[in-house]
Structure formats: structure tokens, C-alpha cells
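Written out below as C-alpha cells is the structure these notes cover.
Convention: sequence-line order gives letters A, B, ...; per-chain numbering from 1.
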Amino acid sequence: MNTKLDSVLLPRKKFIYHYKNMRWAKGRHETYLCFVIKRRVGPDTLTFDFGHLRNRNGCHVELLFLRYVGALCPGLLGYGGPGEKRLSYSITWFCSWSPCANCSTRLSQFLSRLPNLRLRIFVSRLYFCDMEDSREREGLRMLKNIGVQITVMSYKDFFYCWRTFVACKQSSFKAWGELHQNSVRLSRKLKRILQPLETEDLRDAFKLLGL
DNA sequence: ATTTTCAAT
């Protein structure tokens, strides 16, 4: 009956396949972004909208989201009128991959012009973050520096997504075997990535000294 | 031990 709501929700299999935080996520040529948008009115926040997107036509899902964000958040961008009061929003998104270097840059540029928008990013897996000097790592630090909270998804986040974005029809979320281990491992990795560079240098120095 | 990554064919 309610086909609109059905189309807003993600099929179970699709969610599991794309959000599984396994070490070797083979063949996933799509990235999903589940979002919750809240309006901030004084100290209160009101849930305003939610849904999901995936990358299309060579456009990364984060940039696709930026394309829609004005329509999703009325009054966020404003029309540049004198003394115009822009509305404040908080967006939380859950992405199957962390953003690539280019998306991080574009997001940072976008957000630095919008102090009335807060963004929290949860990620299932880290995208191209293996090399110490990868541009993706740099991009994540850039986002952190402009105030974006980036967190690796843990059980409670998958659980929340399952309840919120998945057509789960009463079926409860069943964690895959390695969920917790993988989440802890990726979380440590992200923590190391987001540490200020000085600390990283210090670590390298210790390594050189064999300590 | 090694494996993959918002395709391209």
C-alpha cells in the first residue's frame, strides 16, 4: 500500500552486503549513504527527514548528497537576502565507505561556508587508508579539523541503521561473525589516522629507535 | 600468507 515508504527503506540483503565491515570487501562497486536530518531550534533538535542514497553515474554518493542537501534542508543555504536568518541543521550519515580524498575536500569547502550545519559521519569501512601518506587519510584529518565528527560504526550503529533504514519487517538485526572485531580494528586505525601529525611523527621516531 | 576499495566491459 505505502509504496513510497517501501522505496525509502533498504532491502535487508543489500544493507548487509554493503555495510558488512569485513576486511576484504570484494566486488562492492556501490557505496550507500543512510542519513538522518534534524532541525536545530535552540537547544532542541527535531528529526526532519531520513533516507538513503547510493553513488550513481560516476558520482560519489557524498557529492550526490551535497547536490540534494539544499532541497533536503529548507532554509539551510538561504537566498543571500540581507539580515536573512538561515536555519540550523544537524546531519548524521552512515556510509558503507569512508569518503575519498576528493569528497573530503569538497565536503570541507562546503561545510566551512555553513556554520549552521553540523555533520557527523559514521563509516563501516575505511576507503584507501592503508598507506601512511594516503590522500584519503589526509582528507579525513581535514574533515576532523573543520569540526566533522568521524566514527567507525560499531554494533549499536549497525543496529540503529537496521531499525531506521532497512525494511526489516520485525526481523531483528543479526550481527555477522567478525562485526565487533572488525569494528574495533577499524576504530583503532581511524584513531591513529586522526591523531595530529606530531604524534604520528613521534611514533615513527619510536619505531626507528626500536621502542 | 594473501586477499579489496564509489567499475568497466
message = Output the rounded distance in Å from CG (Asn57(A)) to P (dC6(B)).
response = 15 Å
task = Look at the side-chain N and O atoms of Tyr32(A) and state whether any lies under 4.0 Å from the OP1 or OP2 oxygen of dC6(B).
result = no
key: Pi-cation contact, Tyr17(A) with Arg28(A) (under 6.0 Å, within 45°)   = yes
query = Side-chain N or O of Asn55(A) less than 4.0 angstrom from OP1 or OP2 on dA7(B)?
reply = yes
query = At under 4.0 Å between heavy atoms, what does Ser98(A) touch on the DNA or RNA strands: base, sugar-phosphate, or nothing?
reply = base
message = What is the distance, to the nearest angstrom, from the CZ atom on Arg185(A) to the P atom on dT4(B)?
response = 15 Å
key: Sugar-phosphate only, base, or nothing, as touched by Arg54(A) at under 4.0 Å among non-hydrogen atoms   = nothing
request  = Find out whether Trp162(A) and Phe15(A) are in side-chain contact, i.e. whether some heavy atom of one side chain is under 4.5 Å from a heavy atom of the other.
outcome  = yes
inquiry  = What is the distance, to the nearest angstrom, from the CZ atom on Arg137(A) to the P atom on dT5(B)?
reply    = 19 Å
key: salt bridge (charged side-chain N to carboxylate O under 4.0 Å, His left out) partners of Lys189(A), counting only residues at least two apart   = Asp130(A)
message = Taking dT5(B) as the reference, what is the distance to dA1(B) when you measure between their P atoms (whole Å, please)?
response = 22 Å
task = Whole angstrom is fine here: how far is it from CZ in Arg23(A) over to P in dT4(B)?
result = 13 Å
query = So which of residues 63-70 of chain A are in contact with DNA chain B, with a heavy-atom cut-off of under 4.0 Å?
reply = none
Atom-to-atom span, CG of Asn182(A) to C1' of dT4(B) - whole angstrom = 13 Å
inquiry  = Under a 4.0 Å threshold between the charged nitrogen and the carboxylate oxygen, would Arg141(A) count as salt-bridged to Glu138(A)?
reply    = yes
note = The side chain to side chain contact (heavy atoms under 4.5 Å, CB included) partner of Leu143(A) among Val148(A), Leu194(A), Leu119(A), Thr105(A) is Val148(A)
key: For atom CZ of Phe94(A) and atom C1' of dC6(B), their distance in whole Å   = 19 Å
ask   = Stacking between Tyr127(A) and the base of dT5(B) (centre distance under 5.5 Å, interplanar angle under 30°)?
value = no
request  = Return the nearest nucleotide to the side chain of His60(A); candidates are dT3(B), dT5(B), dC6(B).
outcome  = dC6(B)
request  = Record whether the side chain of Trp24(A) comes under 3.5 Å of the base of dT3(B) through a donor-acceptor pair of N or O atoms.
outcome  = yes
task = State which residues pass side chain to side chain contact (heavy atoms under 4.5 Å, CB included) with Arg23(A); sequence neighbours excluded, sorted by chain then number.
result = Arg185(A)
key: Distance in angstrom units between Trp97(A) CH2 and dT5(B) P, rounded   = 7 Å
ask   = Should the ring pair Tyr32(A) and His52(A) be called parallel, tilted or perpendicular, given that the plane angle runs from 0 to 90° and is split at 30 and 60?
value = tilted
